[in-house]
Amino acid sequence: MGQTIVEKIISAHAAKNVHQGEIVIVAVDGAMASDTTAPLAITSFRAMGGKAVWDPDKCFLVIDHAAPAPNERISNLHVLMREFAAEQHCKLFEAGEGICHQLMIEKNIVRPGHIFIGADSHSCAYGAIDALGAGVGSTDLAAVWLTGKIWLKVPRTIKIELIGKIPMGIQGKDLILDVIGKTGIAGATYQAMEFCGPAVSALSLSGRISMANMMIEAGAKTGFVHPTGLKLPYTFTAELPDVEAKYHRTITIDAAAIQPMVSQPHSPDKVVAVDQVAGKKIHYAFIGTCVNGRLEDLQMAARILRDVKIHPHTRLIVGPASRQVFLDAVKDRTVEILLKAGATFIPPGCGPCVGTHSGVPGNDEVVISTANRNFKGRMGNPHAKIYLASPATVAASAREGKIANPLKYL
Amino acid sequence: MGRKQNIKITGKAHVYGDHIDTDAIIPGKYTKTLDLQTFADHVLEDLDPEFKDRVQPGDILVGGENFGCGSSREQAPLALKVAGVSAVIAKYFARIFFRNAVNIGLPVLEVSDFEIATGDELEVDLKAGAVENLTTGRRFSATKMPQVMIEILDEGGLVNYLKKYGDYRLQKDEG
Ligand code: SF4
């Protein structure tokens with residue numbers, strides 16, 4: 001019987017051919033925890049009787065969700081992480097180095113064909129490079145530290161075929177928002193997704209990461225963007241599905257017809273084309289996060305904000321996804337353009353995405369953000385309204401002080 | 001054997017709708033602590049601010065579709081557990097929440113069809129995988145969990161399970 005990508009990767013790790021529905025225990029290639037999940041994982045690990053992690057070279061800790069620490073309580077959790085990393089001889093990425101998912105890909109830690117477990121729901125992002133990334137909670141992660149293994153149910157797969165040519169100014173974010181609007185927030189629960197089709201090969205790595213990252217917003221356990229056309233700084237063997245692979249359902253998207261898309265408050269699946277909400281006054285625009293804080297995203301914003309100022313009633317916060325991204329954007333003067341337009345830069349990290357610090361919105365304020373979630377209270381204030389869009393749309397909205405279609409500026 | 005599986009849980013139902021996300025269960029801004037009581041103090045704060053004062057030890061939370069969608073934060077099931085919730089029933093759960101709940105020893109039951117109103121007295125039979133609405137006398141059955149999850153729940157969570165076995169065990173019929 002033919003296999004999907006997820007079945008192939010799990011089979012390779014289970015040393016037998018598996019198909020959807022089976023439950024297997026597999027050895028994993030790596031484990032990551034952030035400052036939201038690592039402290040509880042450390043507690044669980046010790047409570048399990050854990051003394052040493054199974055393989056220090058495969059365990060990664062990242063201080064990114066509240067970094068640098070906004071208060072002493074969080075600072076002490078960071079201390080706990082540093083002590084654990086030192087004791088266990090595993091790699092810790094300090095505050096300011098970047099967002100966990102960005103670092104796992106940028107530093108070539110996650111690689112095609114891997115099973116990589118992250119104590120963060122957006123670990124599905126690794127599907128951008130043909131790796132099985134799955135998000136778990138702290139205790140599951142502690143169990144990986146202890147055993148080097150995880151139990152998984154082999155999911156069935158939804159195939160999403162992208163046909164047509166992706167229009168100029170349409171980003172990976174618009175494509176995935178369109179899909180989430182179609183599947184709904186639970187449309188892929190317990191399932192994997194595979195993006196394939198002729199339009200996939202035109203996608204940049206950055207665009208692929210945005211798409212894979214947000215598969216969880218449709219409930220997916222994991223997912224992949226087919227590696228056709230994927231360029232990485234090292235050689236790799238691409239894992240493609242068998243021709244006779246069995247899919248649960250197929251969705252076909254005509255990329256040529258995709259508009260800039262926007263998710264409305266308070267759910268990522270409340271998706272409309274930007275023109276349906278254009279003109280809505282915004283107070284705050286945020287460009288960053290693991291979905292859209294890469295160089296390509298900042299460059300897109302700079303194209304729209306070059307030699308102009310953001311609207312006086314609007315503030316723009318930009319959070320590069322990593323120090324490397326920040327450095328690259330300094331070098332090519334993207335940062336300068338955005339600063340001159342009136343942007344405020346925050347350190348590489350999650351920043352306002354999860355509502356801990358660095359830009360919590362006020363009551364009744366309207367935010368347009370490049371993040372992946374707009375649940376009520378997500379940015380730290382349940383009385384704010386969050387719209388989600390691509391960096392192009394967010395930059396155009398910052399420019400006009402209202403939700404705006406970016407295509408006129410491109 | 002089966003420390004938890006044999007017990008029956010009774011409690012009053014608190015019924016909520018579909019897609020209760022993890023930010024609704026515990027906002028991200030309260031997750032960064034090891035003081036578990038903090039989670040309980042803010043449980044469901046943006047959805048139902050009075051819940052934390054109304055909930056009684058042993059009460060049962062009832063959700064609709066896709067309960068616990070969103071983040072991987074284990075603080076979400078912990079917030080419910082520490083607040084006194086003894087079990088969660090939903091039509092179906094988001095995957096990570098479901099795993100997390102079992103891992104911390106909070107029973108979760110997937111019941112595709114039920115009639116339960118807030119205030120109804122429920123009896124959950126974990127071994128039989130059934131929920132009885134004692135107020136109306138109606139009985140509903142839950143989807144069977146994978147054996148590995150039943151065993152983890154039996155031990156009261158993944159910490160105890162691994163403390164006992166040191167590694168995962170898989171039944172033959174599952175592999
Ligand atoms: S940027 Fe936002 S979504 Fe991404 S890992 Fe950080 S908190 Fe999570």
Side-chain angles (χ1 to χ4, degrees), chain A residues 14 16 22-25 35-37 39-41 43-44 47-50 65-66 73-74 77 80 118-123 134-140 142-143 146-147 149-151 153 185-186 189-190 216-217 219-221 266-267 353-357 360 373 375-380 382, chain B residues 18-19 21-24 26-36 38 45-47 49 65-66 69-78 92-105 146-149 152 157-164 166-171 173-175:
Chain A
K16 61 172 180 172
E22 284 178 55
I23 288 179
V24 288
I25 290 167
D35 49 343
T36 291
T37 50
L40 272 174
T43 309
S44 289
M48 286 167 184
H65 277 61
R73 181 171 42 82
I74 293 177
L77 295 177
L80 176 73
D120 188 278
S121 61
H122 293 104
S123 305
V136 298
S138 297
T139 300
D140 256 332
L146 189 75
T147 65
K149 293 177 221 156
I150 191 159
W151 73 267
K153 185 168 173 181
I185 194 171
T189 298
Y190 294 114
I216 177 78
E217 260 49 72
K221 169 186 209 142
H266 296 287
S267 186
C353 180
V354 71
T356 323
H357 67 147
V360 175
R373 286 200 177 125
F375 296 133
K376 201 172 170 189
R378 171 73 186 178
M379 294 179 76
Chain B
D18 295 338
H19 310 296
D21 61 78
T22 49
D23 279 283
I26 180 77
K29 61 187 168 190
Y30 303 122
T31 54
K32 287 154 192 76
T33 175
L34 286 173
D35 171 29
L36 306 189
T38 305
E45 183 171 281
D46 292 342
L47 178 74
E65 296 181 15
N66 198 28
C69 58
S71 137
S72 68
R73 62 185 73 140
E74 197 166 285
Q75 290 87 334
L78 273 174
Y92 63 94
F93 293 82
R95 182 189 77 88
I96 307 178
F97 180 91
F98 195 70
R99 279 184 84 111
N100 283 345
V102 169
N103 286 344
I104 64 148
Q147 187 60 28
V148 55
M149 282 190 138
I152 291 169
L158 186 56
V159 166
N160 288 348
Y161 174 97
L162 283 172
K163 214 157 68 184
K164 182 162 170 184
D167 202 349
Y168 287 106
R169 319 176 322 146
L170 208 51
Q171 301 297 326
D173 58 341
E174 282 190 274

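In what follows, chains carry the letters A, B, and so on, assigned in the order in which the sequence lines appear, proteins first and then strands, with residues in each chain numbered from 1. Because only heavy atoms are used, hydrogens play no part in the values below, and waters and symmetry mates are left out as well, while side chains stay in.
Proximity to chain A (any heavy atom under 4.5 Å) is restricted, for B/Phe98, to the side chain, taken from C-beta onward. For a residue to count as touching a neighbouring chain, one of its non-hydrogen atoms must lie under 4.5 Å from one of that chain's; by this rule B/Tyr30 does not touch chain A. Both the backbone and the side chain of A/Ile150 come within contact range of chain B, each with at least one heavy atom under 4.5 Å from a heavy atom of that chain. Only the side chain of A/Arg373 comes within less than 4.5 Å of a heavy atom in chain B; its backbone stays farther off. With a 4.5 angstrom heavy-atom cutoff, B/Asp46 touches chain A via backbone and side-chain atoms both. Of the atoms belonging to A/Leu77, it is side-chain heavy atoms, and not backbone ones, that fall under 4.5 Å from chain B. Only the backbone of A/Ala119 comes within contact range of chain B, with heavy atoms under 4.5 Å apart.
Closest of all the heavy-atom pairs between A/Thr139 and B/Ile104 is OG1-CG2, 4.3 Å. Shortest non-hydrogen contact noted between B/Glu74 and A/Ser44 is OE2-OG, 4.4 Å. A/Thr147 and B/Gly166 get closest at one heavy-atom pair: CG2-O, 4.0 Å. A/Gly380 and B/Lys29 make their closest contact through O-NZ, 2.7 Å (heavy atoms, listed as atom of the first residue, atom of the second, distance). For the pair B/Leu36 and A/Leu40, the tightest heavy-atom approach, listed with the atom from each and the gap, is CD2-CD2, 4.3 Å.
Note that NZ of A/Lys376 and CG of B/Leu47 are 7.5 Å apart. Values are rounded to the nearest 0.5 Å.
Here the side chains of B/Arg73 and A/Thr37 are not in contact, with every heavy-atom distance at 4.5 Å or above.
Listed by chain and number, the residues in a side-chain contact (heavy atoms from CB on, under 4.5 Å) with A/Ala134 are A/Ile117, A/Leu132, B/Arg95 (sequence neighbours excluded). Not counting sequence neighbours, A/Phe375 has no partner by the ring-ring contact (aromatic ring centres under 6.0 Å, His included) test.
For the pair A/Lys149 and B/Asp167, the salt-bridge criterion is met [side-chain N within less than 4.0 Å of a carboxylate O].
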B/Arg99 and A/Asp140: CA distance, side-chain angles, deciding distance, salt bridge (Lys or Arg N to Asp or Glu O under 4.0 Å) verdict: CA-CA 8 Å; B/Arg99 279 184 84 111; A/Asp140 256 332; 2.7 Å; yes
